[in-house]
There are 2 protein chains.
Amino acid sequence: MTTAGRPPTLEDVARAAGVSRATASRVIAGTGYASPAARGRVSAAADRLGYLPNLAARALVRGTGVRLVIVVSGTAVSVLDDPYVDRVVGAAARVCAPYGLGVALHWLPAGEPAGLRRLAEDRGVGGLMLVNTTEALLDAVPRELRGRVASIGIGSALVPSFDVDNGGGTAAVVRHLYRTGRRRIAMVTGPRWLSCSGRSVRAYRRVVRDAGLPVRLVPGDFTASSGRTAAREVLARWPDTDAIVGISDATALGVIDRLRGDGVQVPGDVAVTGFDDIPLAAVTTPALTTATHPVAEIATAAATAVLAGRPVPPTTVYPSRLVPRASG
Amino acid sequence: MTTAGRPPTLEDVARAAGVSRATASRVIAGTGYASPAARGRVSAAADRLGYLPNLAARALVRGTGVRLVIVVSGTAVSVLDDPYVDRVVGAAARVCAPYGLGVALHWLPAGEPAGLRRLAEDRGVGGLMLVNTTEALLDAVPRELRGRVASIGIGSALVPSFDVDNGGGTAAVVRHLYRTGRRRIAMVTGPRWLSCSGRSVRAYRRVVRDAGLPVRLVPGDFTASSGRTAAREVLARWPDTDAIVGISDATALGVIDRLRGDGVQVPGDVAVTGFDDIPLAAVTTPALTTATHPVAEIATAAATAVLAGRPVPPTTVYPSRLVPRASG
DNA sequence: ATGAAAGCGCTAACAC
DNA sequence: GTGTTAGCGCTTTCAT
């Protein structure tokens, strides 16, 4: 039975419950003392009136901000086009909904951490999630942000990290190729300055060297088209290559596309693996052997940490799990 | 040269510019009179101080809300898992950033439009974007939302529509198949109650009938696995089928997967087409013939319409463009 | 064209 | 435990 006109305010609830606004506030916000009796009357009144706290008002007085900003750093604004970013944003937006918060998406030009300052000073910013970050950027995180920032990727003393065990995943993929008989395994890498790429490359090097196999690295940038280019380069430089490890699923699909176009059988002549397990990796032909990462789970955990504001461990590592399919 | 401590407020700017807070407000918000001189001094002061309006405060006094809610209706919360939803959320989050707003993501159980009421009454909600909506739901949109709501899909008198010309796209795909010699073209459909699916099916029927070809419809639900199931059903019922039109790219990839698994050549024996042009349609093997839709552009336009609050045409139709690739 | 003043709805000291 | 009170930072009449 809502009163027509304006939505009910805390004042209305307090009046209906026969208590002061302060008491109503304590009950609704769940902070501070209130007798069971008052508690019950206030809750009942709130329910009956269909009361919804005005979060702008709350944010104003508490200075807590009204949005969670996802900051993706990279050399070009096109880093935001990555479907991976959309998955993170989508997951965060789901977490935010019940808190009455929203998610905004910003690109931070690599090497220009000044933007972080601006965000830290913006009173509307309730928290920050860093995606694809670098050590330089982590060093530039203003101290005021402590407890309101998390990183999907590497972290720092100030910034808790929610990360995938890229090294372990890559190692599992390479070992799988070895186990299935591949002996000349090349890798298409990502930008060297990205730590996640670095860890994958190191893991590849380690496994390959331990097995006494040759190291064959070709640069890429996570895209399908870099995979296409890299595929030719690999076979031009080392024609006897029998497996190619892509740094991402898109890269791997690019590799496969070029290989088949050039008459090379996948996985017959060359096995190809990806990394990430994007939703469609399972339905491509051949289905992609890759490593799967709980992106939504990670983003959810990071967003929850930022919103809840409770202390979190400095590093939470999520497993990267091999998904053997047809391509390698 | 920011003062240490708290970020500057409008009061600080006004003082620095030697005007009253009211005048500073008029200049910053761009509303109301102000002499060029005052205008200049205020802007300069704001720049110098690195002033950022506190949007919570503004939202509080104007009652404009602090977040854009994306409402996806469907029978299960899993509708939010669709990468398509993530693309919409990502695009909206980009649009919101400069406005100081955020995006939240809600699932609305099909047939329970009461949730809309609640959202409309929540003062924190600045605007609504409906995704995957139905006529029943559009009818339930509260009048107070006028001007603050848009639909990606069908619209109503109250809700402007930003939609793809599904019919045109599907017709283009089917005609393409016809042009390339296919004469027994089946279609895997989506849920009948979704208007976008309905329009595609009608377009298929029309083109096929006009060409004097048989109508072959099999139900699906947009997923890859429904494509797998449907592929077998099609060939069981009509073994001479030489083309299958998928209602989505995922469906098409499922169809292809099953077909190849069953030893059917694609596109040799059966051409397969998708719909949507997801990022990876270009790199699968065979690359997917599909119709491409400017999802990000549509979401951007819808979000902009909601945020700007300016009147928009009741319907904006975006073209669905055939992308002929290898699969059909 | 500008300033003074009154709130928007809420929380948090602080007194009772 | 509960009420009183003083703002949070901004916009917006209403005088001037």
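Chain identifiers are assigned alphabetically (A, B, ...) following the order of the sequence lines, protein sequences preceding nucleic acid strands; residue numbering begins at 1 within each chain.
- Comparing Tyr33(B) and Arg26(A) by the nucleotide of DNA chain C whose heavy atom lies nearest to each, the residue mapping closer to the 5' end is Tyr33(B).
- Note that CH2 of Trp107(A) and CG of Asn132(A) are 13.0 Å apart. Values are rounded to the nearest 0.5 Å.
- Every residue meeting the salt bridge (charged side-chain N to carboxylate O under 4.0 Å, His left out) condition with Asp122(A), not counting sequence neighbours, appears here in chain and number order: Arg67(A).
- Residue Ala38(A) is in sugar-phosphate contact alone, with no base atom involved, counting any heavy-atom pair closer than 4.0 Å across all strands shown.
- Within 4.0 Å of Ala29(B), counting heavy atoms only, lie sugar-phosphate atoms of the nucleic acid but no base atom.
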Show the numbers, then the answer: is there a salt bridge (charged side-chain N to carboxylate O under 4.0 Å, His left out) between Arg94(B) and Asp86(A)?
-> CA-CA 10 Å; Arg94(B) 277 166 88 159; Asp86(A) 286 340; over 6 Å; no
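- The outermost nucleotides of DNA chain D lying under 4.0 Å from heavy atoms of chain A, listed 5' to 3', are dG1(D) to dG9(D).
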Would you check, one step at a time, whether the test side-chain contact (heavy atoms from CB on, under 4.5 Å) holds for Leu10(A) with Ser25(A)?
-> CA-CA 7 Å; Leu10(A) 189 57; Ser25(A) 170; 3.6 Å; yes
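- Among all heavy-atom pairs drawn from Val141(B) and Leu130(B), the shortest one is CG2-CD2, 4.0 Å.
- The two residues Pro8(B) and Gly50(B) come nearest to each other via the heavy atoms CG-O, 4.0 Å.
- One end of the helix from dA1(C)-dT16(D) to dC16(C)-dG1(D) points its axis 30° away from the other end's axis, with each axis taken from 5 pairs and the angle rounded to 10°.
- Distance alone, capped at 3.5 Å, places no donor-acceptor pair between the Ser151(A) side chain and the Pro160(A) backbone.
- In terms of the side chain to side chain contact (heavy atoms under 4.5 Å, CB included) criterion, residue partners of Pro294(A) (sequence neighbours excluded) are, by chain and number, Glu297(A), Ile298(A), Tyr318(A).
- Each of Arg123(A), Arg118(A), Arg117(A) was evaluated against Glu121(A); a single residue qualifies, Arg117(A), per the side chain to side chain contact (heavy atoms under 4.5 Å, CB included) test.
- Evaluation of the salt bridge (charged side-chain N to carboxylate O under 4.0 Å, His left out) rule for Asp139(B) yields no partner, not counting sequence neighbours.
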Pick out the pairs of N or O atoms, protein on one side and nucleotides 5-9 of chain C on the other, that lie under 3.5 Å.
residue	atom	partner	partner atom	Å
dA6(C)	N6	Arg21(B)	NH2	3.3

